[in-house]
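My structure is below; once you've seen it, I'll send some questions.
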Amino acid sequence: MQINSPQFKERAKTALHDPSLQKALGNLRHGFPGKRAAAVARMPEFEQLRDEGRDLKNHVIEHLDFYLEQFETKVIEQGGQVHWARDAEEARKAILDICRKANAKTVTKGKSMVSEEINLNDYLEEHGVHPIETDLGEYILQLREDHPSHIIAPAIHLNLDDVSDIFSKKHGTERTDDPAALMQEAREMLRKQFVAADVGITGANFCVAETGSTLIVTNEGNGDLTQILPRVHVVIATIDKVVPTLEDMTLFQRLLARSATGQEFTVYNTLSTGPRRSDDQDGPEEYHVVLLDNGRSEMLGGDFQEMLRCIRCSACMNHCPVYGAVGGHAYGWVYPGPMGAVLTPKLIGIDKAGHLPNASTFCGKCESVCPVRIPLPKMMRHWREREFERHLSPKGVRLGLGAWSYFTRHPKLYRWLARAGSFGLKLMAGKKGRVHSLPLSKGWTAWREMPAPEGGTFMDQWKKQQRQAEEN
Amino acid sequence: MSQQTPRPQVGLFVTCLVDMFRPSVGFATVKLLEMAGCQVDVPGTQTCCGQPSFNSGDRASTKRLAKDVIDAFDGFEYVVGPSGSCIGMLHHYPALFAPDDPYRARAESLAERAYEITSFLTDVLNFDAILADYEHRVTYHDSCAGLRELGVKNQPRQLLEKVGGLDISEMEEAETCCGFGGTFCVKYPDISNRMVSNKTSNATATQADTLLGGDLGCLLNMAGKLKREGSPLQVRHVVEVLANMTDTPAIGESQYDLAKEL
């Protein structure tokens, strides 16, 4: 996926003026948060589960090597194969290799953000393997040559009209606005593909070390058809997805569904453990797991380690007022919202992703809903510190900041500055009580008035009062 | 006469915005603290809490300024300010210092003593003898740092209930950020504008005539937007109402006093 994060500001502006996108974002803003809140209210021990989720993930991260090796051993014991990939290139090659050995023409795909991260679809297509997305949202996006704007609701930026348009155009069918009819249309198109595919590729919500199983959760059942019908099943997962036991996995299933969609449980929860056995009625002949690092191991032991707890529920973006205003595409790469603002700079570089951790008011809403209590604002601030250290922040900002810091450390000078500021602004405001246009604060006055100071600083007035009190 | 318990010694953290924009918020805070029996002093060496540099990634400057603030408020039993975000910033200080730095322990002590005004009155002093009248329907914006870093939610509402004639009408998304975010509002003005527009429309929908909050940054942002929209909704800091000091023009309102002119 092309990196457009440096253009965040321009993309945000476009998004703010896109009425159809704004309508879609309004649905999100008034949908997910309420559903999550209701689900949490029905579960009094939810806050305790969040603590447990955090602690368990911390434990796994501390012993990541152990659990990954255990997972590998178990996958092999079950007759599957594990492919370690240091970066996107190695992962793509491993998957293409499997496809070629299987003589695959088409592959079906379950929804996977990691596959977006490694740009798998374009790569396979370039090498003569045709990928077909089977998640309804992803399928719509593939028809539109579009990309996900949300990690669990990939087509959230679209409205019904957009779907009607693209279906009639690409399927050559009569245009319909009936959601059920559109669903049926997609189902008919996809059903053939499920049967025809040689390889099925899915992601994994969790990799279970004790059994060598991978779990996917979906609400459509497409993932099950993707992994059961083709002869070969490939799982692409990053190394932070491993959990110790099946019981641990259930803790995260409970946290995930409630945080994501407000469901008690996702509709389909499917475990894959090795290829089909002789007495199995169905299942793939080959089972592969591609375990991708792509910079994650470098996050261990540093300021961003806690990000590895993320279970990709999307609660942070669902509740983020910035995401809610501009949508996921403004962020310019695979992962949007607060989790993307922390993860993306690690994956594509802070020099390209600098806007992402800056475009936050640090309102803290994301951290307050994170099921594994990731301190997202704190880590966005760490990125700002990296930027500052590397002199990547704009010169004007650095200069202004330097001046402010100087004044704040010299109280007498500072008093003078506050007095001058109060006096000047009040003078400009006149009797109106506000300033309509301020040359140095266009960012402010483009959209708002600048309220005028009351006049005189508190410190001066306080001093005067104290003096008068002493004299009396 | 029996010996009275000593009065709590409070150092007022004025905050840079109150100092420059709205001294009356500072005086209202002092009045409330004195009503609650505190001895209030205002250290003259205080300037800013350091949020601008902290949130811009300039850790070194933040640390230097934090030391000044720690020194300035040494010896006070409590440090109280009319802002959740500035007091919240004081709570971030300990993390700036290494565990063996002598300032670490002092920063921890400062954080333990530092309170937002409504939380201090309610949670620490158990004070609710508010003597104020404000015959208006008001709505309350929960500023982010106060709400999520310091747990300020019911305290201002509890105190407002004691104000004569006042009626609170809660707005939708009261806990959603107003889009101020310090430097955010000038770095990303378009996004900030969308956020504050959502806020003003939620506030307007309550039919309240006054919008209250506990952080001047947010209040300047919302008042600036409401005035640009031509809205009659008045914006005030909650302590102005609690201290019965609402004679001053509301934030961003005309200083022109018709009564005086006549």
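Any value given below was found using the heavy atoms of this structure, including those in side chains, with hydrogens, waters and symmetry copies removed.
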Discussion item. So for Phe184(B), is it side chain, backbone, both, or neither that comes closer than 4.5 Å to the heavy atoms of chain A?
Written reply: side chain
Worksheet, complete the sentence: So, the part of Tyr406(A) with a heavy atom under 4.5 Å from chain B: the answer is neither
Discussion item. Taking side chain as everything from C-beta outward and backbone as N, CA, C, O, which of these in Asp68(B) sits under 4.5 Å from a heavy atom of chain A? Side chain, backbone, both or neither.
Written reply: side chain
Fill in: Trp404(A) and Leu65(B): CA distance, side-chain angles, deciding distance, side-chain contact (heavy atoms from CB on, under 4.5 Å) verdict
CA-CA 11 Å; Trp404(A) 178 255; Leu65(B) 185 55; 5.7 Å; no
Worksheet item: Side chain, backbone, both or neither: which part of Met450(A) has a non-hydrogen atom closer than 4.5 Å to chain B?
Response: side chain
Worksheet item: Would you say Thr361(A)'s side chain and Gly181(B)'s backbone share a donor-acceptor pair under 3.5 angstrom?
Response: no
Practice prompt. For chain A, find its close neighbours in residues 80-96 of chain B: heavy-atom separation under 4.5 Å, sorted by number, or none.
Written response: His92(B)
Practice prompt. Test side chain to side chain donor-acceptor pair (under 3.5 Å) on Arg384(A) and Asn55(B) and set out the steps.
Written response: CA-CA 8 Å; Arg384(A) 296 186 192 184; Asn55(B) 290 339; 5.4 Å; no
Practice prompt. Give the C-alpha distance, both sets of side-chain angles, the deciding distance and a yes or no for side-chain contact (heavy atoms from CB on, under 4.5 Å) between Arg448(A) and Cys185(B).
Written response: CA-CA 11 Å; Arg448(A) 335 165 172 71; Cys185(B) 67; 3.8 Å; yes
Discussion item. Using a 4.5 angstrom heavy-atom cutoff, name the option from Gly421(A), Pro357(A), Pro394(A) with the most pairs to chain B.
Written reply: Gly421(A)
Item to complete: Please check if the side chain of Lys225(B) supplies one atom and the backbone of Trp447(A) the other of a donor-acceptor pair under 3.5 Å.
Response: yes
Fill in: Engaged part of Leu17(B) at the chain A interface, taking heavy atoms whose separation is under 4.5 Å
neither
Worksheet entry | Which atoms of Ala446(A) approach chain B - backbone, side chain, both or neither, heavy atom under 4.5 Å | backbone
Discussion item. If I measure from the heavy atoms of chain A, does Thr176(B) come under 4.5 Å with its side chain, its backbone, both, or neither?
Written reply: side chain
Discussion item. So that I can tick it off, tell me whether Glu389(A) and Arg59(B) are bridged by a salt bridge, with the cut-off set at under 4.0 angstrom between side-chain N and carboxylate O.
Written reply: no
Discussion item. Give the interface residues of residues 141-148 of chain B toward chain A, defined by a heavy-atom separation under 4.5 Å.
Written reply: Cys144(B), Arg148(B)
Worksheet item: Residues of residues 367-381 of chain A under 4.5 Å from chain B (heavy atom pairs)?
Response: Ser368(A), Arg381(A)
Worksheet item: Given the options Ala15(A), Ala325(A), Ser393(A), Ser360(A), which has more heavy-atom pairs under 4.5 Å with chain B than any of the others?
Response: Ser360(A)
Worksheet item: How long is the gap from NE2 on His319(A) to SG on Cys177(B), to the nearest 0.5 Å?
Response: 14.5 Å
Practice prompt. Taking all non-hydrogen atoms of both residues into account, name the closest pair between Pro451(A) and Ile251(B) and its distance.
Written response: CB-CG2, 3.7 Å
Worksheet entry | Phe458(A) and Phe27(B) aromatic ring geometry - parallel, tilted or perpendicular at 30°/60° bounds | tilted
Fill in: Side chain, backbone, both or neither of Glu387(A) within contact of chain B (heavy atoms, under 4.5 Å)
neither
Worksheet item: Which residues, numbered in order, of residues 188-196 of chain B come under 4.5 angstrom of chain A by heavy-atom distance?
Response: Tyr188(B), Pro189(B), Asp190(B), Ile191(B), Ser192(B), Asn193(B), Arg194(B), Met195(B), Val196(B)
Fill in: Interatomic spacing from CG in Asn358(A) to OG1 in Thr183(B) - rounded to 0.5 Å
7.5 Å
Worksheet entry | For chain B, the option from Leu417(A), Thr445(A), Val326(A) that forms the most heavy-atom pairs under 4.5 Å | Thr445(A)
Discussion item. Are more than 12 heavy atoms, taken from residues, nucleotides or ligands other than Glu172(B), located less than 6.0 Å from that residue's CD atom?
Written reply: no
Worksheet item: Among Ser422(A), Gly364(A), Ala359(A), who wins on heavy-atom pairs under 4.5 Å with chain B?
Response: Ala359(A)
Discussion item. Is Lys365(A) close to chain B through its backbone or its side chain, or both, or neither, when contacts mean heavy atoms under 4.5 Å?
Written reply: both
Discussion item. Is Ser24(B) in contact with chain A via its backbone, its side chain, both, or neither, using a 4.5 Å heavy-atom distance?
Written reply: both
Worksheet item: With only heavy atoms counted, which part of Cys16(B) is less than 4.5 Å from chain A, the side chain, the backbone, both or neither?
Response: both
Practice prompt. May I ask you to decide if Gly433(A)'s main-chain N or O and Lys227(B)'s side chain share a donor-acceptor pair within less than 3.5 Å?
Written response: no
Worksheet entry | Arg409(A) and Thr47(B), any side-chain heavy atoms less than 4.5 Å apart | no
Item to complete: Identify which part of Leu16(A) has an atom lying under 4.5 Å from any heavy atom of chain B, answering side chain, backbone, both or neither.
Response: both
Worksheet item: In Å and rounded to the nearest 0.5 Å, what is the CE to CZ distance from Met20(B) to Arg419(A)?
Response: 13.0 Å
Worksheet item: What is the distance from atom OG of Ser56(B) to atom CG of Leu401(A), rounded to the nearest 0.5 Å?
Response: 4.5 Å
Item to complete: Could you check which of Arg415(A), Arg386(A), Lys463(A) has the highest count of heavy-atom pairs closer than 4.5 Å to chain B?
Response: Arg415(A)
Fill in: Neighbour count above 12 (heavy atom, 6.0 Å) for Lys35(A) NZ
no
Worksheet item: Are any side-chain N or O atoms of Thr408(A) and backbone N or O atoms of Cys48(B), one a donor and one an acceptor, separated by less than 3.5 Å?
Response: no
Discussion item. Are Pro23(B) and Glu454(A) packed together at the side-chain level, in the sense that at least one heavy-atom pair is separated by less than 4.5 angstrom?
Written reply: yes
Worksheet item: Is the side chain of Arg228(B) donor-acceptor paired with the backbone N or O of His436(A) at a distance under 3.5 Å, no angle test?
Response: yes
Item to complete: Go through the atoms of Val235(B) and report whether side chain, backbone, both or neither lie under 4.5 Å from a heavy atom of chain A.
Response: neither
Worksheet item: What distance separates Trp462(A) CH2 from Asp19(B) CG, expressed to the nearest 0.5 Å?
Response: 13.0 Å
Worksheet entry | Part of Val14(B) lying under 4.5 Å from any heavy atom of chain A | side chain
Worksheet item: What part of Glu173(B) gets closer than 4.5 Å to chain A, counting heavy atoms only: side chain, backbone, both or neither?
Response: side chain
Practice prompt. Decide if atom NZ of Lys187(B) counts as having more than 12 heavy atoms of other residues, nucleotides or ligands within a radius under 6.0 Å.
Written response: yes
Discussion item. Tell me whether Phe423(A) at atom CZ has more than 12 heavy atoms from other residues, nucleotides or ligands lying less than 6.0 Å away.
Written reply: no
Discussion item. Would you compute the distance between atom NE2 of His410(A) and atom OG1 of Thr45(B) and round it to the nearest 0.5 angstrom?
Written reply: 13.0 Å
Item to complete: Determine, stepwise, if the pair Asp58(B) / Ser405(A) fulfils side-chain contact (heavy atoms from CB on, under 4.5 Å).
Response: CA-CA 10 Å; Asp58(B) 183 358; Ser405(A) 295; 4.3 Å; yes
